[in-house]
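Okay, so here's the structure we're looking at.
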Amino acid sequence: MSTLRRYLRREILIATLFLFVLLVTALAFFDLINELGDVGRGGRTLSSAFLYVALRLPSRIYEMAPVAALIGTLYVLARMVSSSELTVMRASGMSLAQVSLAIFQVGIPIALATFLAGEFVAPQAERLAQTARAVHRSGGQQMITQQFSSGFWFKEQYTFANIRAATADHVLMGVRLYEFDNAMRLQRIRSAARGIFSEDDNTWLLDDVETTEISSGSRTLVYSDPSYVWKTVLRPSILTVFQIPPEQLEIKTLFDNISILEKSEQPTSRFEIALWIKLVYPLNVFVMMFLALPFSQSQRRQGGLGFRLFVGSMLGITFLLLGRLFSSLGVLNNWPPLTSALAPTIVFLGMASALLWWQERR
């Protein structure tokens, strides 16, 4: 029986790794086609397009792990069903639990590699990719494109901060602070050319500051200072949202962002959902492999191996789309973060369990 389990594990692992290469190569090809449209504009060259696509590969590997595990497992099991190998294994005394155990044993290293790639490799590579892209698009200036045309907005108590842009080394450009009193009357506006973070006292040193004081009589006083120390809970880690979305950040960075936003009384749901997705996502490898078990044995007469692979591909795409859908709905409707993160997993796990129970019952 151990020989059969080793055979099954080897076949699933080889097929999954092959699917990994195939899916990531296809996505890299589409990324390259998308980047070729910008070649020749600004500082974009063919080599910079290839560099950007190469740096995005870890993120693609992380995203495609559950899908590759699903299609790879489905391919092997469907092929064994078509050739009656799985039937012979079951007749030889290999129970459904033993088949499932062999599948999950393959999923352990895949899930672990997914977590390590998403936590230690993909975020850094994605930052480098976005930085390199911004540098080439701006003709050599290490400027990070802001998410909104008006820049990045940050609120802390009665102060609203607007940052036009930030460089790759977290230097703020075009800082403007709007300070209100407790009755929300505007008191002063500070404008600075740039801001540099000081690790010693966790403050920002703003250069070339122009301050506009607004008095109760609607009179204003304008004066300039060479520098101004801005004490705030804002840290460089939160500026990573300029480069990559929260779903691709490290767990520690997500914790930092949540803590900073809570201190400044701002919504944290997007980062909390991203944190739970980060923790749950590697477990989806097991769910997808488990889902392949009932689907590989269904439609034996109506569809062959190709049909089942097509179904597996559609299931994988549906899973990715559902994950993004529930993430967005969770932010919009203020759902519990764990519910938004687990919803696609629960849906697919329930579907797999129901199909497997129905097949075994027959």
Side-chain angles (χ1 to χ4, degrees), residues 41-43 127-128 130-246 249 253-254 256-268 270-271:
R41 300 178 183 176
R127 287 191 185 95
L128 291 174
Q130 299 301 332
T131 300
R133 190 186 205 187
V135 168
H136 286 102
R137 280 185 170 180
S138 60
Q141 296 180 349
Q142 293 193 358
M143 193 67 68
I144 300 171
T145 304
Q146 59 266 27
Q147 290 186 335
F148 305 102
S149 59
S150 59
F152 173 73
W153 287 90
F154 177 79
K155 173 184 174 294
E156 182 180 3
Q157 293 181 339
Y158 299 112
T159 299
F160 293 80
N162 175 242
I163 302 167
R164 180 174 55 84
T167 63
D169 52 356
H170 295 144
V171 176
L172 307 182
M173 307 298 293
V175 182
R176 183 166 291 186
L177 306 179
Y178 300 88
E179 301 178 9
F180 293 79
D181 60 15
N182 54 9
M184 296 308 295
R185 291 187 294 263
L186 184 61
Q187 298 295 299
R188 66 186 58 85
I189 302 174
R190 301 184 194 273
S191 301
R194 68 171 188 165
I196 301 175
F197 187 72
S198 173
E199 297 285 353
D200 298 330
D201 51 3
N202 292 327
T203 59
W204 293 90
L205 181 63
L206 305 182
D207 296 333
D208 300 328
V209 181
E210 181 180 278
T211 304
T212 302
E213 296 274 359
I214 302 175
S215 65
S216 58
S218 299
R219 292 178 298 178
T220 59
L221 174 64
V222 181
Y223 56 92
S224 300
D225 293 303
S227 63
Y228 172 75
V229 177
W230 179 27
K231 296 180 180 180
T232 175
V233 297
L234 179 66
R235 298 291 181 269
S237 60
I238 202 171
L239 295 175
T240 52
V241 298
F242 274 133
Q243 295 171 284
I244 59 178
L249 296 174
T253 305
L254 287 171
D256 291 341
N257 279 274
I258 292 171
S259 176
I260 290 170
L261 291 173
E262 285 179 342
K263 289 179 181 178
S264 60
E265 300 179 351
Q266 296 188 64
T268 61
R270 187 183 181 192
F271 289 93

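Residue numbers count from 1 along this sequence. Note that these values count all heavy atoms, side chains included, but never hydrogens, waters or copies made by symmetry.
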Inset, instruction - For residues Arg190 and Arg188, report the shortest heavy-atom separation together with the two atoms involved. - result: NH2-CD, 3.3 Å
Inset, instruction - Measure up the Trp230 and Phe154 rings against each other and bin them: parallel (under 30°), tilted (30 to 60°), perpendicular (over 60°). - result: perpendicular
Inset, instruction - Identify the two heavy atoms, one from Leu249 and one from Arg127, that lie closest to each other, and give their separation to 0.1 Å. - result: CD2-NH2, 3.8 Å
Inset, instruction - Could you tell me whether the side chain of Arg235 and the main chain of Thr232 form a donor-acceptor pair under 3.5 Å? - result: yes
Legend entry - Closest approach of Phe180 to Phe160 (non-hydrogen atoms, all atoms of both residues): CE1-CD1, 3.6 Å
Legend entry - Separation of Asp207 CG from Ile196 CD1 (nearest 0.5 Å): 5.5 Å
Legend entry - Atom pair CZ/CH2 of Arg176 and Trp153 - distance to nearest 0.5 Å: 8.5 Å
Legend entry - Closest heavy-atom pair and its distance - Ala161, Leu177: CB-CD2, 3.6 Å
Legend entry - Considering all heavy atoms, the nearest Leu186-Glu179 contact: CD1-O, 3.6 Å
Inset, instruction - Could you check Asn202 against Phe197 for side-chain contact (heavy atoms from CB on, under 4.5 Å), going step by step and ending with a plain yes or no? - result: CA-CA 7 Å; Asn202 292 327; Phe197 187 72; 3.6 Å; yes
Inset, instruction - Please round to the nearest 0.5 Å and tell me the distance separating atom CG of Asn162 and atom CD1 of Ile189. - result: 11.0 Å
Inset, instruction - Could you go through the side-chain contact (heavy atoms from CB on, under 4.5 Å) check for Leu254 and Arg270 one step at a time? - result: CA-CA 10 Å; Leu254 287 171; Arg270 187 183 181 192; over 6 Å; no
Inset, instruction - Kindly determine whether Leu205 and Ser227 satisfy side-chain contact (heavy atoms from CB on, under 4.5 Å), including the steps that lead there. - result: CA-CA 7 Å; Leu205 181 63; Ser227 63; 3.9 Å; yes
Legend entry - Within-4.5 Å side-chain heavy-atom neighbours: Ser259 and Phe271: no
Inset, instruction - Grab the two heavy atoms, one from Trp204 and one from Leu234, that are nearest each other, plus how far apart they are. - result: NE1-O, 3.1 Å
